[in-house]
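Heads up: numbering here begins at 1 and tracks the sequence.
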Amino acid sequence: IVSSVIVFFILKHILSLSFFLEGTNRFEVTLEKSNKNFSKKIQQLFVVSQYKILVSLLENNIHVHDLLTFQQITVVSKARGATLFACHLQQSPSGEAQLRMCVAVKKKLQLYYWKDREFHELQGDFAAPDIPKSMAWCQNSICVGFKRDYYLIRMDGRGSIKELFPTGKQLEPWWPPGGVCTQKYALNWTDIPIAMEHQSPYIIAVLPRYVEIRTFEPRLLVQSVELQRPRFITSAGPNIVYVASNHFVWRLVPVSIASQIRQLLQDKQFELALQLANMKDDVEGDKRQQIHHIQNLYAFNLFCQKRFDDSMQVFAKLGTDPTHVIGLYPDLLPADYRKQLHYPNPLPSLSGAELEKAHLALIDYLTQKRSHLVKQLNDSEPSTPSPLMEGTPTIKSRKKLLQIIDTTLLKCYLHTNVALVSPLLRLDNNHCHIEESEYILKKAHKYSELIILYEKKGLHQKALQVLLDQSTKANSPLKGHERTVQYLQRLVLSWVLKICPEDGLKIFTEDLTEVETLPRDKVLNFLKEGFKELTIPYLEHIVHVWEETEPEFHNVLIQLYLERVQGLMKQYLNSLPEGVPAVAAGKEEGDLGEFRNKLLCFLEVSTSYEPGRLISDFPFDGLLEERAVLLGRMGKHEQALFIYVHVLKDTHMAEEYCHRHYDKETDRSQDVYLSLLRMYLSPPDVHCLGPIKMELLEPQANLMAALHVLELHHSKLNTTKAIDLLPANTQIREIRVFLESVLEEEAQRKRFDQVLKSLLQAEFLRVQEERIFHQQVKCIITEEKTCRVCKKKMGNSAFARYPNGVVVHYFCCKDRGVCPTEQ
């Protein structure tokens with residue numbers, strides 16, 4: 001057995017041996033060199049053709065021989081007692097090859113590298129949990145098979161060990177080249193493999209009686225080849241596989257890729273055909289065309305297997321003409337056009353739940369395709385969809401494609417979810433074919449939706465005629481005259497707003513109770529849908545004139561101001577000559593200055609908007625004054641002051657900000673001047689206050705501005721905290737005015753407190769004297785004492801005494817303010 005293994009490897013690497021499986025295709029074999037006295041016991045061989053060496057395990061030690069002369073080059077003396085080795089030729093980034101070797105000596109792993117015709121130690125030995133039975137390199141790790149388990153040992157200096165999986169019933173572990181688990185599901189062989197080789201996309205395994213060829217994805221048994229007791233298999237390059245027994249060597253010759261693809265397409269194994277097509281060495285254009293054709297066949301086959309979602313995903317990636325995809329379904333395309341389409345095989349018949357599932361998959365596909373086409377609608381170049389079958393006509397007009405897609409979506413919604421019909425018809429860019437949509441809506445008795453179609457297409461006469469016809473039908477949802485009145489109101493309103501927007505807006509802003517009580521959210525939505533230019537005047541009216549405080553209206557007005565400012569700002573910046581700086585916020589000329597001033601003023605004046613919701617709409621690289629106002633409303637004073645001080649470099653605006661926000665009664669705002677002082681003296685890192693995306697110099701301290709704040713606003717600062725912020729080298733003379741002001745203020749406060757203390761002490765003494773005076777009054781109750789009200793003796797009952805000394809029973813004291821008189 002050992003001798004056979006030796007012959008096989010020598011034949012592979014030295015004799016250029018090749019055999020076809022068929023007896024008529026035999027190759028000539030010439031013995032160039034042999035060595036009968038190589039060793040008494042050969043346990044393992046490995047050929048390194050790049051270095052012209054033969055690495056062998058002979059009598060439990062590692063030997064290296066010259067590949068051509070069989071002369072011994074070196075012996076790894078430390079590896080005495082070895083039972084197994086594994087070599088790996090690694091390519092460095094510079095392109096040089098490095099040979100590494102791992103040797104198993106009992107329960108230890110030794111690492112070596114080849115240099116100067118010798119093996120040198122790569123690093124220290126690693127301890128293994130058991131005696132290795134098989135090994136394979138996997139990048140910088142060794143995959144080791146023990147008697148019962150597989151482990152992955154990293155060669156990173158730590159030798160970390162990761163358990164992979166048990167060996168199962170196989171008594172001896174075996175490893176494949178590579179070592180990375182790439183498949184979710186394991187391959188199932190008809191018997192336990194003895195050896196295995198990978199020839200993409202096939203896995204070839206040697207079983208006890210034959211060779212079995214399978215694929216990973218899809219998991220298929222491709223071929224079984226009967227051979228006489230095969231035992232070994234190896235690869236000598238692409239499409240070169242050798243199988244050996246104790247007495248024979250065979251070469252497995254693959255059929256040409258083109259023939260394989262043809263057979264696979266007949267068997268409808270499209271995934272495997274795609275893998276082979278990608279491996280072909282054809283002209284790039286021909287190769288791409290064949291792959292595209294196979295993918296279309298694959299998508300069509302998925303549809304025939306009723307895997308509708310998977311099929312639509314493949315069609316979407318391929319850019320297949322949507323009409324060819326729609327043609328897969330019954331009754332969705334006009335009959336004349338449908339006859340022009342051709343498919344590889346008969347289409348499956350769909351009905352019931354299967355048809356509904358297919359429609360849902362088509363809806364997702366068409367919605368995605370529609371969104372893509374709408375974005376490209378203004379492109380001058382025609383659309384270039386690909387056909388499902390070569391020679392089938394395609395539609396290149398985007399508008400025509402959108403018309404077919406929207407009409408098909410309408411039909412699908414009627415089959416699956418009627419609630420989506422109205423939203424589709426209400427779209428401003430709705431491209432539904434009028435006549436066909438009209439026919440299917442009437443057929444489905446969807447007259448309310450038909451009215452929407454007519455209205456959006458401007459067919460008002462048809463809409464009114466339908467309303468008139470349906471108004472007299474008992475079971476119609478359009479029965480009566482209310483919908484006709486609403487339609488006419490909406491029609492007239494739209495006409496007035498289009499002809500004269502300013503006068504038309506008075507319909508919603510007239511100073512009448514009926515107008516003021518209109519639902520403002522609905523009015524706003526109506527204006528936003530069709531007359532967006534009127535939304536700002538309307539919101540300004542309800543906020544400033546009708547004093548609307550609902551936060552949503554304030555939020556929307558700010559967002560509309562922001563949209564207008566951003567659009568005008570872009571034009572303004574593009575018009576500035578190079579090197580000319582922009583003017584201050586709100587001081588720009590024309591509409592930009594007007595709307596930016598409105599935005600700033602409204603942000604400062606309004607108390608109803610929600611700054612936390614709006615802050616994300618304001619960019620980090622512009623409109624910083626507005627952003628600072630929002631940050632102030634959110635109580636983030638340091639971020640706001642950072643913008644004023646270090647980005648805008650405007651100390652006046654920073655002090656005005658502090659003046660607006662200072663409030664000694666609230667914790668959040670009582671230290672705002674201290675924050676300003678900190679911003680001048682200890683500016684924070686620019687990154688800690690949010691991603692303000694501007695080209696900033698590193699923030700610099702400004703001692704003069706800080707001293708100015710100390711002098712003017714000393715009464716609003718915590719003196720101790722303020723002094724702690726000053727640099728250690730600050731001179732007393734620099735803060736003399738501040739200290740004098742603080743001391744003078746403290747002296748005044750002390751004098752005031754002393755006077756107040758004296759007054760309070762005098763008041764205390766007066767109260768004490770009055771207390772003593774009143775406590776001197778006595779009330780003596782004797783057995784003869786009678787109640788002034790009921791004239792009975794007081795006895796032991798509870799009593800009450802009036803200020804004038806009159807005593808009565810407590811029960812008889814009805815009115816504490818009126819003293820009873822003698823009777």
- Message: Keeping S675 on the side-chain end and H637 on the backbone end, is there a donor-acceptor pair under 3.5 Å?
- Response: no
Please check this pair: side chain of R627 against backbone of F618, looking for a donor-acceptor N/O pair closer than 3.5 Å.
yes
Worksheet entry | Side-chain heavy atoms of T408 within contact of L362, under 4.5 Å | yes
Can you confirm whether L425 sits close enough to V421 that some side-chain heavy atom of one is under 4.5 Å from a side-chain heavy atom of the other? yes
Notebook entry, point to check: So do E734 and L703 actually touch side chain to side chain, heavy atoms under 4.5 Å?
Noted result: yes
So D364 and M312, do their side chains get closer than 4.5 Å, heavy atoms only? no
Taking every heavy atom of R596 against every heavy atom of L624, the minimum-distance pair comes out as NH2-N, 4.3 Å
Closest non-hydrogen contact found for S437 with T407 is OG-CG2, 4.1 Å
If we ignore angles and hydrogens, is there a donor and acceptor under 3.5 Å between the side chains of Q670 and D663?
-> no
_R633 side chain to E604 backbone, donor-acceptor under 3.5 Å_ = yes
Notebook entry, point to check: Can you check whether L557 reaches Y609 side chain to side chain, under 4.5 Å on heavy atoms?
Noted result: no
Rounded to the nearest 0.5 angstrom, the CD-CG distance for E563 and L568 is 11.5 Å
By side chain to side chain contact (heavy atoms under 4.5 Å, CB included), V737 pairs with (sequence neighbours left out) E711, S741
Shortest non-hydrogen pair, K369 vs G319, comes out as NZ-CA, 4.0 Å
Would you be so kind as to tabulate the donor-acceptor pairs closer than 3.5 Å made by side chains of residues 521-529, with sequence neighbours excluded?
from : atom 1 : to   : atom 2 : distance (Å)
N525 : ND2    : D521 : O      : 3.2

Test item: E746 and V742 side chains (from C-beta on) under 4.5 Å apart, heavy atoms = yes
So CG of D309 and CD of Q313: to nearest 0.5 Å the spacing works out to 6.5 Å
| Between F553 and V556, is a side chain to side chain contact (heavy atoms under 4.5 Å, CB included) present by the stated rule, with each step listed? | CA-CA 5 Å; F553 295 108; V556 173; 5.9 Å; no
| request: Check the pair L674, R678 against side chain to side chain contact (heavy atoms under 4.5 Å, CB included), reporting the backbone distance first and the verdict last. | output: CA-CA 6 Å; L674 192 67; R678 187 181 297 109; 3.9 Å; yes
Taking the side chain as C-beta and beyond, is there a heavy-atom pair between L410 and E449 under 4.5 Å? no
For L648 and E625, the nearest pair of non-hydrogen atoms, with its separation, is CD1-CG, 3.7 Å
In residues 724-732, what donor-acceptor pairs under 3.5 Å come from side-chain atoms, sequence neighbours left out?
from : atom 1 : to   : atom 2 : distance (Å)
T730 : OG1    : P727 : O      : 2.8

Heavy-atom nearest pair, H431 first then D406, reads N-OD2, 2.7 Å
- Item | CA sep, side-chain torsions, deciding dist, call: D591, R564, salt bridge (Lys or Arg N to Asp or Glu O under 4.0 Å) | CA-CA 9 Å; D591 290 343; R564 185 68 65 88; 5.9 Å; no
The single option from N555, L599, T535 that satisfies side-chain contact (heavy atoms from CB on, under 4.5 Å) with L560 is T535
Tell me whether Q368 at atom CD has more than 12 heavy atoms from other residues, nucleotides or ligands lying less than 6.0 Å away. no
CZ of R613 to CG of L630, rounded to nearest 0.5 Å, is 13.0 Å
With sequence neighbours left out, the residues meeting side chain to side chain contact (heavy atoms under 4.5 Å, CB included) with H415 are H359
- Got a donor-acceptor contact below 3.5 angstrom from the K636 side chain to the L631 backbone? no
Taking every heavy atom of M679 against every heavy atom of E638, the minimum-distance pair comes out as CE-O, 3.3 Å
- [ ] Please tell me if the side chains of K400 and L402 come closer than 4.5 Å, counting only heavy atoms from C-beta onward.
- [x] no
Under 3.5 Å, which donor-acceptor pairs do the side chains of residues 539-547 form with other protein atoms, sequence neighbours left out?
from : atom 1 : to   : atom 2 : distance (Å)
E540 : OE2    : Y561 : OH     : 2.4
E540 : OE2    : K598 : NZ     : 3.1
H541 : NE2    : T509 : O      : 3.2

To the nearest 0.5 Å, atom CG of L681 lies from atom CG of L707 at 7.5 Å
One should read off an interatomic distance between C658 SG and K716 NZ, to the nearest 0.5 angstrom, of 9.0 Å
Distance flag, aromatic centroids of F602 and H554, threshold under 6.0 Å: yes
Between L623 and M569, does the side chain to side chain contact (heavy atoms under 4.5 Å, CB included) criterion hold? Intermediate values first, please.
CA-CA 9 Å; L623 304 182; M569 177 69 77; 4.0 Å; yes
If you count the non-hydrogen atoms of other residues, nucleotides and ligands that lie under 6.0 Å from CG in N429, is the total more than 12?
yes
Output for pair (S422 OG, I451 CD1), nearest 0.5 Å, gives 11.5 Å
Ring pair (Phe, Tyr, Trp, His ring centres under 6.0 Å) with F303: of F315, F308, Y365, only one passes, and it is F308
State whether a side-chain donor-acceptor pair under 3.5 Å links E589 with Y572. no
Taken in chain and number order and not counting sequence neighbours, the residues that satisfy side chain to side chain contact (heavy atoms under 4.5 Å, CB included) with A654 are L641, Y644, V645, L676, Y680
Cationic N near anionic O, under 4.0 Å, R520 to E550
no
### Message
For a side chain to side chain contact (heavy atoms under 4.5 Å, CB included) check, start with the C-alpha distance between Y662 and H713, then their side-chain angles and the critical distance, and finish with the verdict.
### Response
CA-CA 11 Å; Y662 175 74; H713 306 289; over 6 Å; no
Does H324 reach the main-chain N or O of L388 with its side chain, forming a donor-acceptor pair under 3.5 Å? yes
Consider only side-chain N and O atoms of D321 and S386, and report whether a donor and an acceptor are under 3.5 Å apart.
no
